[in-house]
Amino acid sequence: MIALKTRAEVAQMKEAGWLSAAVLREVGMRVEPGITTLELDRFAERFIRGNGGVPTFKGYGGFPGSICASVNEQIVHGIPSSQTVLKEGDIVSIDVGASVGSWAGDNAWTFPVGEVSPEVQRLLDVTEQSMWAAIAAAREGRCIGDIGHACQRVAESAGFGVIREYTGHGIGHDMHESPPVPNFGHRHWGKKLKAGMVLAIEPMVAMGTCSTVQGADGWLVCTADGKPAAHFEKTVAITPDGPELISVEPGYKRPVTEPNG
């Protein structure tokens, strides 16, 4: 069942969205060669709790971290570790959730560690572009498939693979609610988008194959061919006036426009 949110509830969700966006920005500013993913995790938890929130991920299904930190070929759900030391040329996908009151916030970004190769930077750029295209397609009266189609078109036209097994999702009092939001699909397919839906839209795009392998810890997911992958995510409310960004800080001005084609 899809839980539609009122305008008042969407406004309440923005508190969690703001905090999740703020901690993601602050963690990203600390990404540099020589830092461990556990250090980033500990900072994130302090920041979230210090600003009146609770780390949504910590303890979720037994997950031990406050962030997911996934490096290079790691797609999602990397457990922060003192043994994972970031080095020049790496990329790290940071996924973070913060709950405020009874509402969850969720967002992700893939950061370069120092200077990365041109092909890796292109992967980051295209994955981010696919996220914005998917968000622009998230309009009342359209369908879930329109979101996935927009994402898929941008990623695959650039020669990259879209991960199939892991998707975006509804979000509200629970971090994962209905409906699932695939990053691929056909226009006019799937559930109709209605005002009051709040969705976490999160493309996961690979430089090579879209096939995945599960890590031995039961959490980590990697590309099957060992090539890099990127992950970008924003939480968005469906409104009569178009998609409204939730997991952003006040004053954020990123335009949400309809992609061409």
Side-chain angles (χ1 to χ4, degrees), residues 3 5 8-31 37-61 63-70 75-80 92-111 124 127-128 131-132 134-135 138 166-177 180-181 183 197-204 219 230-239 243-254 256:
K5 281 74 176 177
E9 288 173 327
V10 169
Q12 292 169 7
M13 289 192 71
K14 288 183 178 179
E15 292 298 314
W18 166 80
L19 184 51
S20 66
V23 68
L24 182 62
R25 172 179 53 79
E26 290 291 333
V27 169
M29 290 172 61
R30 286 159 176 77
V31 168
T37 56
L38 184 60
E39 289 176 284
L40 296 176
D41 181 78
R42 288 175 172 168
F43 168 81
E45 181 170 3
R46 290 194 304 270
F47 188 94
I48 293 169
R49 295 191 187 278
N51 283 277
V54 175
T56 311
F57 295 1
K58 191 158 191 175
Y60 186 88
F63 190 78
S66 295
I67 64 173
C68 298
S70 308
I75 305 166
V76 286
H77 304 160
I79 295 175
V92 57
S93 298
I94 303 293
D95 192 353
V96 60
S99 295
V100 177
S102 63
W103 299 101
D106 191 11
N107 60 175
W109 206 264
T110 302
F111 298 98
L124 302 188
T127 308
E128 182 185 354
M131 180 190 70
W132 293 118
I135 289 171
Y166 300 87
T167 71
H169 49 89
I171 185 170
H173 291 301
D174 295 321
M175 183 167 63
H176 292 115
E177 296 184 352
V181 185
N183 298 306
M197 286 183 173
V198 181
L199 308 174
I201 294 175
E202 51 178 320
M204 289 155 264
W219 286 102
H231 177 206
F232 287 77
E233 176 184 20
K234 291 287 183 190
T235 300
V236 179
I238 308 299
T239 81
E244 181 177 359
L245 295 170
I246 300 298
S247 58
V248 293
E249 296 180 81
Y252 189 82
K253 297 296 185 183
R254 172 74 196 198
V256 180

Evaluation steps, side-chain contact (heavy atoms from CB on, under 4.5 Å), between Val10 and Val198: CA-CA 8 Å; Val10 169; Val198 181; 4.2 Å; yes
Has [X] got a side-chain atom pairing as donor or acceptor with [Y]'s backbone, closer than 3.5 angstrom?
X      : Y      : result
Asn107 : Leu24  : no
Lys58  : Thr56  : no
His169 : Glu177 : no
Asp41  : Ile67  : yes
Glu15  : Gln12  : no
Thr110 : His231 : yes
Ser247 : Thr235 : yes

Glu249 and Arg25: CA distance, side-chain angles, deciding distance, side-chain contact (heavy atoms from CB on, under 4.5 Å) verdict: CA-CA 10 Å; Glu249 296 180 81; Arg25 172 179 53 79; 2.6 Å; yes
Non-hydrogen atoms of [X] and [Y] that approach each other most closely:
X      : Y      : answer
Ser70  : Gly78  : OG-N, 3.1 Å
Met13  : Ile171 : CE-O, 3.8 Å
Trp219 : Ile79  : CD1-CD1, 3.8 Å
Leu199 : Gly170 : CD2-CA, 4.2 Å
Ala16  : Ala104 : CB-C, 3.7 Å
Pro243 : Ile135 : CG-O, 3.3 Å

With side chains defined as the heavy atoms from C-beta onward, is the minimum distance between [X] and [Y] less than 4.5 Å?
X      : Y      : answer
Val248 : Lys234 : yes
Phe111 : Val27  : no
Leu19  : Ile48  : yes
Lys14  : Glu244 : yes

Ring centre gap for His77 and Phe63 strictly below 6.0 Å: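 Ring centres of Phe63 and His77 not closer than 6.0 Å.
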From CA spacing to verdict: side-chain contact (heavy atoms from CB on, under 4.5 Å), Ile201, Glu233: CA-CA 6 Å; Ile201 294 175; Glu233 176 184 20; over 6 Å; no
Straight-line distance of Ser66 OG to Asp95 CG, nearest 0.5 Å: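 Spacing of OG (Ser66) from CG (Asp95) equals 12.0 Å.
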Separation between CZ of Phe57 and OG of Ser20, rounded to the nearest 0.5 Å: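 It comes to 8.5 Å.
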side-chain contact (heavy atoms from CB on, under 4.5 Å) between Asn183 and Tyr166, intermediate numbers included: CA-CA 8 Å; Asn183 298 306; Tyr166 300 87; over 6 Å; no
Parallel, tilted or perpendicular: ring planes of Phe232 versus Trp109, cut at 30 and 60 degrees: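 Correct class here is perpendicular.
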